[in-house]
Amino acid sequence: MADSAQAQKLVYLVTGGCGFLGEHVVRMLLQREPRLGELRVFDLHLGPWLEELKTGPVRVTAIQGDVTQAHEVAAAVAGAHVVIHTAGLVDVFGRASPKTIHEVNVQGTRNVIEACVQNGTRFLVYTSSMEVVGPNTKGHPFYRGNEDTPYEAVHRHPYPCSKALAEWLVLEANGRKVCGGLPLVTCALRPTGIYGEGHQIMRDFYRQGLRLGGRLFRAIPASVEHGRVYVGNVAWMHVLAARELEQRAALMGGQVYFCYDGSPYKSYEDFNMEFLGPCGLRLVGARPLVPYWLLVFLAALNVLLQWLLRPLLLYAPLLNPYTLAVANTTFTVSTDKAQRHFGYEPLFSWEDSRTRTILWVQATGGSAQ
Ligand SMILES: NC(=O)c1ccc[n+]([C@@H]2O[C@H](COP(=O)([O-])OP(=O)(O)OC[C@H]3O[C@@H](n4cnc5c(N)ncnc54)[C@H](O)[C@@H]3O)[C@@H](O)[C@H]2O)c1
Ligand SMILES: C[C@@H](CO)CCC[C@@H](C)[C@H]1CC[C@H]2[C@@H]3[C@H](O)C=C4C[C@@H](O)CC[C@]4(C)[C@H]3CC[C@]12C
């Protein structure tokens, strides 16, 4: 697509385009990608909001499909120039089986890669995760780390295992010859915990706080810092990476990039209070109100209950040994690799990101949406 580039309109495919991040990627492409000719939105569950996008100047094609079905993926990829593969099963709560997580995240990614190869699609951006690196099972802190920081990445939980394997597949596919003989160019973006409009867990915490009379109770020490990143900036990074992959193939191909912006480093709970505080909640306790050993016990109890109740109902609370370990381990990134490699600068300041998120929590937090 190189020389005729100025005039040529491109076909983009976004898998998982109706998810929390995917919707932002879709909207960002429509707003900020001048070469966009057609946008294909592929998802297991299509959102009704897609309808309003179909009336705009860019052709928007909604495709209901499953990434685990190779033929469905191949049909969606046919004729696409660029694929942003963000579909995934995000489950650290035991809602889905390890097998299902693997099928969606690993086999689904394999299907996307093979579809690119078969169809001559050359550019693939994969949404990976910080969890490909850590926190590891030993709870080692990752403090202001970058893409080259040594860290003992040990995965046991099905979700990080699947993301690590899928990322590896994507990076390994870089340089493979696609139909027509040209090389595939791939890269992977690793968001830390994403927040912003559409963030389900934020809304759940808000509703829980309302039920508890406007209070949340500190469970994790304020000293445990988390890196968080605004969804609009993650989406922007995807759009920019996809745009620059062709011109900067030698530099960007096969590379990983943490997603970052100007959001402050704070504990998970203190960070959430940046939004929930202005919505009327307060976090009780300067220190954790329950001893850590009790949280460990409750987390283990939840695993047991989940197992015992499985024949009857799905019991999948937020607290389990894995989420407790993640919440209780410092994981912050500090890097400029995306800036150096493809000129990424956050599109939204921290103040904007905060305001947008607060408005969203206020607008939808108490409703059933
Ligand atoms: N939310 C975070 O904090 C976070 C952080 C790092 C990375 N990620 C990654 O970002 C991506 C998007 O996550 P999200 O938070 O928007 O999750 P999400 O669940 O809101 O979105 C995922 C989307 O993928 C779709 N999907 C799931 N299974 C599918 C299948 N078999 N076929 C087609 N589509 C399918 C879902 O319907 C959904 O719309 C995921 O790959 C996730 O691993 C998320
Ligand atoms: C112990 C509780 C007291 O309030 C708090 C539990 C919070 C946990 C449910 C969340 C803490 C950290 C979150 C994860 C992190 O933000 C990064 C993620 C990466 C992404 O790829 C998927 C989501 C997640 C694993 C995210 C999930 C929820 C937490 C474990």
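When a ligand or atom number is given, it counts from 1 through the structure's own listing order. Just so it is clear, the structure is predicted and the values come from calculations on it, not from any experiment. Note: hydrogens, waters and symmetry copies are ignored here, and every other heavy atom, side chains too, is used.
When the heavy atoms of L189, V229, V90 are ranked by distance to atom 14 (P) of ligand 1, first place goes to V90. Relative to atom 40 (C) of ligand 1, the option among T127, T86, V67 with the closest non-hydrogen atom is T86. Atom 33 (C) of ligand 1 has its nearest heavy-atom neighbour, among G16, G65, C18, in G65. Closest to atom 24 (O) of ligand 1 by heavy atom, among G88, G47, G19, is G88. The residue among F331, Y268, F205 with a heavy atom at the shortest distance from atom 11 (C) of ligand 2 is Y268. Atom 37 (O) of ligand 1 has its nearest heavy-atom neighbour, among D43, L44, I201, in D43.
Residues forming a side chain to side chain contact (heavy atoms under 4.5 Å, CB included) with E147 (at least two apart in sequence, or on another chain): V256, Y257, F258, T335, K337. Annotation: ring pair (Phe, Tyr, Trp, His ring centres under 6.0 Å) contacts of F20 (sequence neighbours excluded): H199.
Those atoms of ligand 1 with a heavy atom of V104 less than 4.0 angstrom away are 28 (N), 31 (N). The atoms of ligand 1 that sit less than 4.0 Å from any heavy atom of S128 are 6 (C), 7 (C), 8 (N), 9 (C). For ligand 2, the atoms lying closer than 4.0 Å to a non-hydrogen atom of A219 are 3 (C). Under a 4.0 Å criterion applied to the non-hydrogen atoms of V90, ligand 2 contributes the atoms 22 (C). Atoms of ligand 2 found under 4.0 Å from any heavy atom of S129, numbered from 1 in the order shown, are 19 (C), 20 (C), 21 (O). Proximity to M130 (heavy-atom distance under 4.0 Å) selects the following atoms of ligand 2: 17 (C). Near H226, the atoms of ligand 2 lying under 4.0 angstrom from a non-hydrogen atom of the residue are 12 (C). Those atoms of ligand 1 with a heavy atom of D66 less than 4.0 angstrom away are 30 (C), 31 (N), 32 (N). Near L319, meaning under 4.0 Å from any of its heavy atoms, are these atoms of ligand 2: 1 (C).
Judged by the shortest distance from any of its heavy atoms, F217 lies outside the 4.0 Å radius around the atoms of ligand 2. Residue contact annotation: G193 has a non-hydrogen atom under 4.0 Å from ligand 1. Every heavy atom of L89 sits 4.0 Å or more from the atoms of ligand 1. The closest approach between a heavy atom of K163 and any atom of ligand 2 is not below 4.0 Å. The shortest separation from a heavy atom of G17 to ligand 1 is not under 4.0 Å, leaving the residue out of contact. Within the structure, ligand 1 has Y159 among the residues with a heavy atom less than 4.0 angstrom away. Residue V234 places every heavy atom at 4.0 Å or more from ligand 1.
Classification of E225 and R144 as a salt-bridged pair holds, one side-chain N sitting under 4.0 Å from a carboxylate O. Salt bridge status for R40 with E38: present, with a side-chain N to carboxylate O gap under 4.0 Å.
The protein heavy-atom contact nearest to atom 18 (C) of ligand 2 is E131 OE2, 3.6 Å. Protein heavy atom nearest atom 18 (P) of ligand 1, with residue, atom name and distance: F20 N, 4.0 Å. Among protein heavy atoms, atom 16 (O) of ligand 2 sits closest to G193 CA, 3.5 Å. Protein heavy atom in closest approach to atom 8 (C) of ligand 2: T323 CB, 4.2 Å. In terms of protein heavy-atom proximity, atom 27 (C) of ligand 2 is closest to V92 CG2, 3.9 Å.
Close N/O approach between I194 and ligand 1 is found [any backbone or side-chain N/O within under 3.5 Å]. Ligand 1 has no nitrogen or oxygen under 3.5 angstrom from a nitrogen or oxygen of G22. Taking distance alone, with nitrogen or oxygen atoms compared against 3.5 Å, K163 approaches ligand 1 more closely than that limit.
At most 12 heavy atoms of other shown residues, nucleotides or ligands fall within 6.0 angstrom of atom CH2 in W168.
Residue H45 comes nearest to C18 through the heavy atom pair O-CB, 3.4 Å, listed as atom of the first residue, atom of the second, then distance.
For atom 2 (C) of ligand 2, the protein comes within 4.0 Å by no heavy atom at all.
Between F271 and Y265, the gap from one ring centroid to the other reaches at least 6.0 Å.
Under 4.0 Å from ligand 2, not a single heavy atom of Y322 appears.
Classification of the F275-W350 ring pair by plane angle, with boundaries at 30° and 60°, yields perpendicular.
In terms of modelled atom types and a separation under 3.5 Å, the side chain of N320 and the main chain of A299 share no donor-acceptor contact.
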